Amino acid sequence: MTSIDRIELPVVATYPDTLSMMRILAWPNDSTNPYTPLLYSDMGPGVLVEGFSAAKLVHRYTVWHIHWPESLLNIPNAYKAASKLAVFFAMVDYLRWRGGKIVWTMHNFKAHEALHPSLEKRFWRQFIPRVDGAISLSEAGLSMARIKFPALQKVPMAVIPHGHYRDEYPKSSDQVRNALGIQPTAKVILFFGEVRPYKNVDALVRAFREVSTPDALLYIVGRPKTAALSEAILKEASQDSRVRIAFEFVKTEDVSKYMEAADLVVLPYRAILNSGSALLALSFNRPVLVPDLGAMGDLRNDFGDAWVRTFGGEINARILEAGLDWAGNARSAECPMPDKYNWQSIRSETVRFYERVVSVSTTKGHAKCDA
């Protein structure tokens with residue numbers, strides 16, 4: 001999701017720098033994930049957004065807008081992860097020393113892989129005091145953040161949703177099922193997205209093996225994080241011929257092919273705060289089954305019970321069968337998209353939040369590392 005493994009120390013500027021506009025440093029601004037390009041594509045006159053590189057810190061920035069900082073903790077080698085974190089904090093402190101502000105969009109509250117528990121505790125202890133403003137994608141996330149990180153209550157916070165993906169992917173032909181070798185009568189459950197341990201895909205396959213719904217089919221689409229995870233899921237899938245696996249990075253032009261073939265998108269995560277995959281499915285007018293965790297209740301409230309169904313506990317065959325029955329209910333051909341998920345509205349709100357953060361006088365000063 002980010003180019004975190006290429007972080008290097010900045011070159012210190014030796015000449016004066018002035019600002020003629022609000023200058024935003026964006027990390028990441030990754031073309032492989034439409035979220036950040038859509039957020040930063042047109043933030044209006046007087047706002048200049050630049051994708052992050054350490055070399056750019058020779059310039060002054062009004063705001064460094066950071067997404068997924070915890071991804072640094074997913075580096076397997078603990079020494080390398082700690083080194084990258086030290087460089088990251090040095091750059092944050094340098095930018096703040098020059099008058100810039102740190103804005104954090106809170107996609108997650110912990111590293112999904114949980115590779116370095118002690119290092120992670122230290123990371124949050126050092127990162128939170130350096131945050132000058134925090135954006136939550138949902139009301140539930142905002143409430144959770146205030147409890148988990150009480151220090152954030154001292155800085156500006158706002159709820160600005162994750163936008164939709166409607167019209168961001170090329171449409172497929174009407175023959176997508178035929179192209180995938182899926183019978184017209186099949187009831188297709190789709191899991192779509194990067195396959196990682198916390199997403200619970202192996203449990204989904206085990207649960208599906210007990211599903212008795214006629215013509216049910218499960219399609220797993222995405223690139224596994226590790227070879228071990230891939231092998232575990234393939235072993236589970238080999239016991240049921242109704243399970244299809246496409247372990248691959250899905251090209252932009254192929255996303256609609258899988259989405260349009262699905263009757264129901266299931267995201268059986270063990271832990272979740274926000275889900276871009278759920279919004280992707282809704283953007284393709286596909287009903288979604290998700291755990292009642294994190295902001296998924298907010299998503300259900302926003303889109304309605306006809307489009308988002310939540311479940312409690314571990315995924316099982318009964319939940320999947322009920323989900324397929326629910327997905328077969330009559331609903332509008334197009335999922336209504338609430339106005340707050342419109343990207344122009346999101347961009348405008350984000351710029352207003354930048355202005356709010358910049359206008360708040362802070363007494364924190366330059367944060368020191370908490371060793």
Side-chain angles (χ1 to χ4, degrees), residues 1-15 17-44 46-75 80-108 111-112 123-124 126-137 155 158 160 162-163 194 274 276 343 346-347 349-351 353-355 357-358 366-367 369:
M1 190 172 292
T2 71
S3 55
I4 54 177
D5 58 332
R6 296 195 293 275
I7 290 182
E8 299 174 352
L9 281 169
V11 177
V12 178
T14 57
Y15 53 87
D17 201 357
T18 59
L19 287 174
S20 59
M21 61 177 63
M22 181 178 288
R23 193 168 188 172
I24 310 302
L25 185 63
W27 181 47
N29 191 6
D30 185 357
S31 61
T32 63
N33 179 354
Y35 169 77
T36 49
L38 284 167
L39 174 61
Y40 297 123
S41 62
D42 181 13
M43 302 200 87
V47 181
L48 174 65
V49 180
E50 300 179 38
F52 172 85
S53 75
K56 290 180 180 177
L57 290 176
V58 300
H59 305 293
R60 292 184 186 273
Y61 288 91
T62 315
V63 168
W64 184 0
H65 192 170
I66 295 173
H67 305 259
W68 304 288
E70 75 287 346
S71 58
L72 289 165
L73 294 158
N74 292 333
I75 299 172
K80 185 176 181 180
S83 299
K84 293 294 183 183
L85 284 172
V87 173
F88 169 70
F89 284 126
M91 291 189 293
V92 166
D93 290 344
Y94 177 72
L95 180 135
R96 296 181 78 226
W97 174 71
R98 300 187 75 194
K101 303 294 184 181
I102 301 299
V103 169
W104 171 40
T105 289
M106 302 181 290
H107 297 271
N108 303 306
H112 289 309
F123 165 76
W124 292 114
Q126 294 181 26
F127 178 66
I128 295 301
R130 291 167 161 90
V131 173
D132 298 299
I135 296 171
S136 173
L137 302 177
V155 303
I160 304 176
H162 188 309
E194 187 177 32
N274 306 288
W343 280 106
I346 289 167
R347 294 181 198 114
E349 288 187 47
T350 303
V351 171
F353 185 70
Y354 293 156
E355 293 168 344
V357 171
V358 170
H366 179 61
C369 287

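Residue numbers start at 1 and run along the sequence shown. Predicted model, so just to flag it, every value in this text is computed and none were measured.
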*Asks:* Would Y35 and W343 count as a close aromatic pair, with their ring centres under 6.0 Å?
*Replies:*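 Ring-ring flag for Y35/W343: true, centres closer than 6.0 Å.
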*Asks:* Taking atom CE of M106 and atom CD1 of I66, what is their separation to the nearest 0.5 Å?
*Replies:* 13.5 Å
*Asks:* Step through it carefully: locate the ring centre of W64, locate the ring centre of Y94, and say whether they are under 6.0 Å apart.
*Replies:* no
*Asks:* Students often mix this up, so state it plainly: with edges at 30° and 60°, are the rings of H67 and H107 parallel, tilted or perpendicular?
*Replies:* tilted
*Asks:* Checking D132 side chain against I102 main chain: does a donor-acceptor pair fall under 3.5 Å?
*Replies:*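 Yes: the side chain of D132 pairs with the backbone of I102.
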*Asks:* Before giving the answer on side chain to side chain contact (heavy atoms under 4.5 Å, CB included), spell out for E355 and M22 the whole-Å C-alpha distance, their side-chain angles and the decisive distance to 0.1 Å.
*Replies:* CA-CA 9 Å; E355 293 168 344; M22 181 178 288; 3.5 Å; yes
*Asks:* Atom CH2 in W68, atom CH2 in W104: separation rounded to 0.5 Å?
*Replies:*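 Separation between the atoms: 13.0 Å.
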*Asks:* Is a side-chain N or O of R98 found less than 3.5 angstrom from the main chain of L57, in a donor-acceptor match?
*Replies:*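 Between the backbone of L57 and the side chain of R98 there is a qualifying donor-acceptor contact (under 3.5 Å).
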*Asks:* Ignoring hydrogens and geometry beyond distance, is a side-chain donor-acceptor pair present between T105 and H65 at under 3.5 Å?
*Replies:*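 Looking only at side-chain atoms, H65 and T105 do form a donor-acceptor pair, the distance falling under 3.5 Å.
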*Asks:* Going from CZ on R347 to CD1 on I160, what distance comes out if it is rounded to the nearest 0.5 angstrom?
*Replies:* 13.0 Å
*Asks:* Start with the C-alpha gap between M21 and V47, add the side-chain angles, then the distance that decides, and say whether side chain to side chain contact (heavy atoms under 4.5 Å, CB included) holds.
*Replies:* CA-CA 6 Å; M21 61 177 63; V47 181; over 6 Å; no
*Asks:* Taking R130's backbone N and O only, do any of them form a donor-acceptor pair with R96's side chain (distance below 3.5 Å, no angle check)?
*Replies:* yes
*Asks:* For F88 and W27, run ring pair (Phe, Tyr, Trp, His ring centres under 6.0 Å): C-alpha distance rounded to whole Å, both residues' side-chain angles, the deciding distance at 0.1 Å, then the answer.
*Replies:* CA-CA 11 Å; F88 169 70; W27 181 47; 5.4 Å; yes
*Asks:* Quick check for you: to the nearest 0.5 Å, what is the distance between S53 atom OG and N29 atom CG?
*Replies:* 12.0 Å
*Asks:* Say you draw a straight line from CZ of F123 to CG of L72; how long is it, rounded to the nearest 0.5 Å?
*Replies:* 6.5 Å
*Asks:* Please determine whether side chain to side chain contact (heavy atoms under 4.5 Å, CB included) holds for the pair I24 and Y61, giving the CA-CA distance in whole Å, both sets of side-chain angles, and the decisive distance to 0.1 Å.
*Replies:* CA-CA 6 Å; I24 310 302; Y61 288 91; 5.9 Å; no
*Asks:* Out of curiosity, N108 CG to N274 CG, how far, rounded to the nearest 0.5 Å?
*Replies:* 7.0 Å
*Asks:* Show your reasoning for whether side chain to side chain contact (heavy atoms under 4.5 Å, CB included) applies to L39 and T350.
*Replies:* CA-CA 9 Å; L39 174 61; T350 303; 3.8 Å; yes
*Asks:* Is K101 reaching over with its side chain to a backbone N or O of L95, donor-acceptor style, under 3.5 angstrom?
*Replies:*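 Looks like no, no N/O pair under 3.5 Å.
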